[in-house]
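Nothing here was measured: the structure is a model prediction, and the numbers come from that model. Atoms within each ligand, like the ligands themselves, are counted from 1 in listed order.
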Amino acid sequence: MMIQSQLYYFSCVISLYFFFFGSFVLHALASSTLRYCRHDQRDALLEFKHEFLVNNTSLSSWNKSSGCCSWEGVTCDAKSGEVTSLLLDSISLNKSLEPKSSLFKLQHISNLTLRNCSLYGEIPFTLGNLSRLTLLDFSSNNLVGQVPASIGNLSQLRNIRLAHNELNGSIPISFANLTKLSFIDLYNNNFESTLPPDMSGFRNLEFINVGENSFSGSFPTSLFTNPSLDWVNLGENQFKGPIEFVNVSSSFRLKNLILSNNQFDGQLPESIYKFLNLEDLHLSDNNFIGPFPTSLFTIPSISLIDLSGNQFKGPIEFGNTSSSSRIPYLDLSQNKFNGPIPESISEFPSLYLIDLSNNNFTGSIPRSILTLANLNYLHFDNNKLQGQVPCCFWGLETIKLSHNSLSSIEESSKVFDETKMVELDLSSNLFRGPFPHWICKLRSLRVLDLSSNSFRGSIPQCLSNNSIVSLEELILRDNNFSGALPDIFFNATNLKKLDVSTNQLVGKLPKSLINCKVIQLVNAQSNGINDTFPFWLGSLPLLNVLLLRTNQFYGPLYHQFTTTTYLLGFKA
Ligand SMILES: *[C@@H]1O[C@H](CO)[C@@H](O)[C@H](O)[C@H]1NC(C)=O
Ligand SMILES: *[C@@H]1O[C@H](CO)[C@@H](O)[C@H](O)[C@H]1NC(C)=O
Ligand SMILES: *[C@@H]1O[C@H](CO)[C@@H](O)[C@H](O)[C@H]1NC(C)=O
Ligand SMILES: *[C@@H]1O[C@H](CO)[C@@H](O)[C@H](O)[C@H]1NC(C)=O
Ligand SMILES: *[C@@H]1O[C@H](CO)[C@@H](O)[C@H](O)[C@H]1NC(C)=O
Ligand SMILES: *[C@@H]1O[C@H](CO)[C@@H](O)[C@H](O)[C@H]1NC(C)=O
Ligand SMILES: *[C@@H]1O[C@H](CO)[C@@H](O)[C@H](O)[C@H]1NC(C)=O
Ligand SMILES: *[C@@H]1O[C@H](CO)[C@@H](O)[C@H](O)[C@H]1NC(C)=O
Ligand SMILES: *[C@@H]1O[C@H](CO)[C@@H](O)[C@H](O)[C@H]1NC(C)=O
Ligand SMILES: *[C@@H]1O[C@H](CO)[C@@H](O)[C@H](O)[C@H]1NC(C)=O
Ligand SMILES: *[C@@H]1O[C@H](CO)[C@@H](O)[C@H](O)[C@H]1NC(C)=O
Ligand SMILES: *[C@@H]1O[C@H](CO)[C@@H](O)[C@H](O)[C@H]1NC(C)=O
């Protein structure tokens, strides 16, 4: 009779329900929610627990004192008592899932999540038995091997999450059967080979992340024929060749496109400008060529453009950027752009980061940059910029202007936020004149690099007022600084690196250096320092490089260092 195979339940104010173990047992439950558990489902769950958690206290609620539908992570169909969802997150199973696992007896399950459960081994082919699955989440485990072809049996699947495993091989051809998929996350595995050749069948697809794998082959044009597609990451793979989009219309929803770290090449196709909902576009570290893609900046919703690490060339021009007001991030670094940095860059009032480094930009730094109220990172290093640095954008967090031909810094008494700057790199330019005293006001500065310029005069005492407390690297190498290195290091408790080499410093090494408890490198070589050997530096526990050669050191050489020293060059 039916009563033999299925349990029947009665709902009343005092909850009553039955268990079937050969004889009926009656339990009274204080629970306010009634959930009914079918005995075959319960037994399958208990067997599943037993496969993994012998002698373990986790999943302790999985015991016969309550109905299985109230167990941790279990959801049942209210009428039939069949388990429809199993959600285990961060429960250590620490084993592989066997093909005969009783998990596969849960034929009615539609949501299966075993996320971050220390699952090892391969995904068994019997997974194909769970033909009602709509959600499969095995992400963040230690799964290896190929995805079984039987996955093609899961024709109801909408959501597959296998990210952060060590799965490999190719995606099975049968995957193309899963036309209801809207969410595919295979991020961070070892998948290789090509994507399925025709992905135009995924008409419901919204999200696909295959980033950080070893996929190869050409650009999956067919994928982009799905109008509902919203978020795509193909980054960090070995895809190559040109990119192309077909049949794109303005109703296509694509918002986020990540193609970074592949070997895509060729020019950007005109068709990319038809994705009118595009917001974030990451093209970095590929081999794209061609002129600056001005039209990208006319896409109404665009907010992030990363073109860095490609072979784009020629001058940059922003055209009519009426819609670009929200762009916070503009990375054009490591290309072959040249010509001036246009004043129209100020038409992006939301800019937070501008990275134009490693190009061939010429001319001077446009004054209009000063109007960018949200700017925090300015990286113009390794270009051919000349002339005067306009005053004053010293209220930013990072300014990198090294390896240009800049010659002066505009003097001004303008006030700026002295608490923000963390890194200032003016190295390898044509700066001359005295040490810029406003630097002494910077209270959060960690890295100051003025090396390889023609600064002259003394290194100012005022550095000890504010900056010295936060400074981790003070690099003044290869200038014309003269006088003695002042006693400014009393509060230099974060200083790791001090390089004053190749200047014209005289006098003695300042005794306050003894306060630099975390210093690792002191380079004072190629100066005129006239001192006895600073044996007292030997008490600094982390100091491992001390360069003093080509100076006027004299007297006996002490060997009291507790740490290694190198290149001690002396003139007696
Ligand atoms: C733990 O498992 C071992 C067999 O693996 C069994 O002999 C032992 O009784 C179990 N201990 C407890 C407390 O369940
Ligand atoms: C059985 O599960 C209930 C919760 O349903 C829990 O309160 C009880 O401690 C569990 N029993 C054991 C022996 O773990
Ligand atoms: C994964 O599970 C472990 C316990 O097994 C836990 O410590 C860790 O925080 C979890 N990680 C995530 C990302 O949930
Ligand atoms: C047993 O459970 C604890 C948490 O209760 C977990 O840290 C441990 O890894 C589990 N052991 C196994 C073999 O799963
Ligand atoms: C996982 O299982 C192995 C034995 O298969 C055992 O050595 C290891 O301690 C277990 N790890 C945890 C976290 O339970
Ligand atoms: C697969 O499902 C069938 C019923 O459709 C069942 O008889 C069989 O035992 C299941 N296989 C496994 C491994 O659970
Ligand atoms: C199953 O997963 C879907 C999302 O894919 C969710 O909307 C639904 O609520 C889940 N059902 C259960 C019972 O967890
Ligand atoms: C596919 O699902 C059917 C039930 O829908 C089942 O009988 C069959 O064994 C499954 N095939 C595989 C390969 O799992
Ligand atoms: C995929 O679908 C085709 C028909 O559309 C069917 O012949 C094939 O068996 C299916 N593959 C799997 C693995 O279910
Ligand atoms: C800059 O231009 C010079 C020629 O003037 C060329 O040799 C060099 O490769 C260019 N650098 C970049 C990054 O384009
Ligand atoms: C070191 O810093 C403290 C405050 O942080 C200040 O009071 C003191 O004057 C400083 N010492 C020197 C020598 O600058
Ligand atoms: C170095 O200093 C000593 C003692 O202060 C002095 O006698 C000597 O002349 C100085 N040498 C040079 C080269 O300045």
contact_flag Thr84 ligand 7 heavy-atom lt 4.0 Å: no

Ring pair (Phe, Tyr, Trp, His ring centres under 6.0 Å) against Tyr377, all qualifying residues, sequence neighbours excluded: Tyr352

Which residues share a ring pair (Phe, Tyr, Trp, His ring centres under 6.0 Å) with Phe48, sequence neighbours left out: Phe52

Per-ligand residue contacts, ligand 2, heavy-atom threshold under 4.0 Å: Ser60, Ser61, Asn63, Ser65, Ser66

Location of contacts on Asn335 toward ligand 10, heavy atoms closer than 4.0 Å: backbone

Parallel, tilted or perpendicular: ring planes of Phe215 versus Phe191, cut at 30 and 60 degrees: parallel

Disulfide bond (SG atoms under 2.5 Å apart) evaluation trace for Cys37 with Cys76: CA-CA 7 Å; Cys37 171; Cys76 299; 5.8 Å; no

Ligand 7 contacted by Asn159 (non-hydrogen, < 4.0 Å): yes

Phe361-Phe380 aromatic ring centre distance below 6.0 Å: no

Residue pair Gln156, Ser110: steps toward the side-chain hydrogen bond (donor to acceptor under 3.5 Å, both in side chains) verdict: CA-CA 9 Å; Gln156 305 304 309; Ser110 68; over 6 Å; no

Geometric N/O contact Asn360 with ligand 10, under 3.5 angstrom: yes

Point-to-point distance, once rounded to the nearest 0.5 Å, from OG1 of Thr362 to CD of Gln386: 7.5 Å

Test of proximity, Asn111 against ligand 7: N or O pairs below 3.5 Å: yes

Under the ring pair (Phe, Tyr, Trp, His ring centres under 6.0 Å) test, residues paired with Phe202 that sit two or more places apart: none

Contact with ligand 10 for Asn382, non-hydrogen, under 4.0 angstrom: no

Subset of ligand 10 atoms that lie under 4.0 Å from at least one heavy atom of Lys336: 14 (O)

Atom pair CD1 (Ile272) and CG (Leu259), whose distance is rounded to the nearest 0.5 Å: 7.0 Å

Near-ring test Phe224/Phe219, centroid separation under 6.0 angstrom: yes

Numbered atoms and elements of ligand 7 in range of Leu135, under 4.0 angstrom, heavy atoms: 2 (O), 4 (C), 5 (O)

Residue part near ligand 10, for Lys384, under 4.0 Å between non-hydrogen atoms: side chain

